[in-house]
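Structure first, then comments.
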There are 2 protein chains.
Amino acid sequence: MLAAARDLLTHRGLQALTMRALAERLDVAPNTLYSHVANKTALIDDLLDEVLAEVQAPTPDIEDPTVGLHQLMASAYDVLLVHPDLVPVYLARQGARGPHAQRLGDITIALLRRAGVVEPAAAEALRVLIIYTIGSAAFASRPPLATGTEHRLNPDESAANFANGLRWLLAGIVQDPTQVRR
Amino acid sequence: MLAAARDLLTHRGLQALTMRALAERLDVAPNTLYSHVANKTALIDDLLDEVLAEVQAPTPDIEDPTVGLHQLMASAYDVLLVHPDLVPVYLARQGARGPHAQRLGDITIALLRRAGVVEPAAAEALRVLIIYTIGSAAFASRPPLATGTEHRLNPDESAANFANGLRWLLAGIVQDPTQVRR
DNA sequence: ACCTGAACACCGTTCAAGT
DNA sequence: ACCTGAACACCGTTCAAGT
């Protein structure tokens, strides 16, 4: 069912991901879905976390933890853009909450600690990094409706802009003078 | 009509802002609205820009431009949270595009220049700041559906987290060694 | 446990027509 | 220019019932 939902999303977009269309794809009556999932929101939440399974985590003992943080966020950015339609939904739902999201959070905290960022700053930095990464992906995905002559960035420009901001952000986090250094 | 839409949004939320409800509030048939606006998306876009009118810009000759940037983004954050439901829509629409959004962008670029950030980095920094500010507001607004035992931040914690990240980001932007300094 | 027909209470939008 | 009745083509979800 989740696979079918993902398939529908990939090939026909978020607006085509309706309970009725999903039921049709599974050769089942629309209301049958409610025997397997509480409602559409719960289905979407499952989908959000599942997508994050593909994020590549750096090896935990990477030499430079700041580089590791950059790689991790960059991989998350790439994975988010595999389903561009879903990105604004991450924002609306304020991230994912499943096991995959949990795992990425743990890795990030560990890397931050190695970079000299200790609690409570690490939790704050994690939240900031998540917000920035999902937000960047939202701005990189194509808009729901093109209106007028927008000067939009192409995917490469968006990715470069994301990397630049990430560099700024990580520099600010790691170099914060109020921070205890290792 | 825009005022009625805003009223509906404030008192009954985004999901209650339907063309039919708006028509009823204006004592008019639903299809009458289409004599005044192309479709619902166009109406929402007008609404997004109108909200930004209330963002407080610092005086252009503020002593420390970094402080001015912080104040400007903090005011935008506050204004965005006046209509929490609308914030994910800003992300989905990738910001606003009207005259008010334009004005805030111009002011930001001017402050960045005074802080020693010149083109093309200024345009990149502007985009990063917009993404971070709207993203933070999206994470601060209450979720569409509460699921399970979330450990959410309260509004004050969210605002503090936003300010912290903004500080990190501005520090990274202004102190970037690849940047030409004034 | 899993599935169904039928219905409820909605949506955004279009069309032809009226003033 | 502004408004309307009526309809079209959909939604998510619930209910009672069937296997």
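In this text the structure is predicted, and so the values were computed from the model without any measurement.
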Legend entry - Residues A/R6 and A/E54 bridged, charged N to O under 4.0 Å: yes
Legend entry - Side chain of B/K40 - closest among D/dT4, C/dG12, D/dT13: C/dG12
Inset, instruction - Starting from P on D/dC3, measure out to CG on B/L26 and report it in whole angstrom. - result: 9 Å
Legend entry - Side chain proximity check, B/W168 to A/W168, heavy atoms < 4.5 angstrom: no
Inset, instruction - Starting at atom OH of B/Y34, determine the distance to atom P of D/dA6, rounded to an integer number of angstrom. - result: 19 Å
Inset, instruction - Could you tell me which non-hydrogen atom of B/A42 sits nearest to which non-hydrogen atom of B/V37, and how far apart they are? - result: CB-CG2, 4.0 Å
Inset, instruction - Name the pairing partner of C/dT4, where a pair is Watson-Crick or G-U wobble with both distances under 3.5 Å, or state none. - result: D/dA16
Legend entry - Shortest side-chain distance from A/M19, nucleotide among C/dG12, D/dG12, C/dT13: D/dG12
Legend entry - B/R12 CZ to C/dC10 P, straight-line distance once rounded to whole Å: 11 Å
Legend entry - Rounded distance (Å) that lies between atom C1' of C/dT13 and atom CZ of B/R20: 9 Å
Inset, instruction - Round to the nearest Å and state the distance from A/N39 atom CG to D/dC11 atom P. - result: 17 Å
Legend entry - 5' priority, DNA chain C, between B/A38 and A/S35 [closest heavy atom]: A/S35
Inset, instruction - Quickly work out the A/L17 CG to D/dC10 P distance and round it to whole Å. - result: 16 Å
Inset, instruction - Go through C/dT4, C/dT13, D/dC3 for me and flag the one nearest to the B/P30 side chain. - result: C/dT13
Inset, instruction - Provide the distance between the two P atoms, one in C/dA9 and one in D/dC10, to the nearest whole Å. - result: 22 Å
Legend entry - Counterpart base for C/dC10, defined by Watson-Crick or G-U wobble contacts under 3.5 Å: none
Legend entry - Between D/dC3 (P) and B/L33 (CG): distance, integer Å: 9 Å
Legend entry - Whole-Å distance separating the CD1 atom of A/I44 from the P atom of D/dT13: 11 Å
Legend entry - Sub-4.5 Å side-chain heavy-atom contact between A/R20 and A/P30: yes
Legend entry - Phosphate OP1/OP2 of C/dC3 contacted by A/H36 side-chain N/O (<4.0 Å): yes
Inset, instruction - Could you pull out the closest heavy-atom pair between A/P58 and A/L111, with the gap in Å? - result: CG-CD1, 4.0 Å
Legend entry - Under 4.0 angstrom between B/T32 side-chain N/O and D/dT4 OP1 or OP2: yes
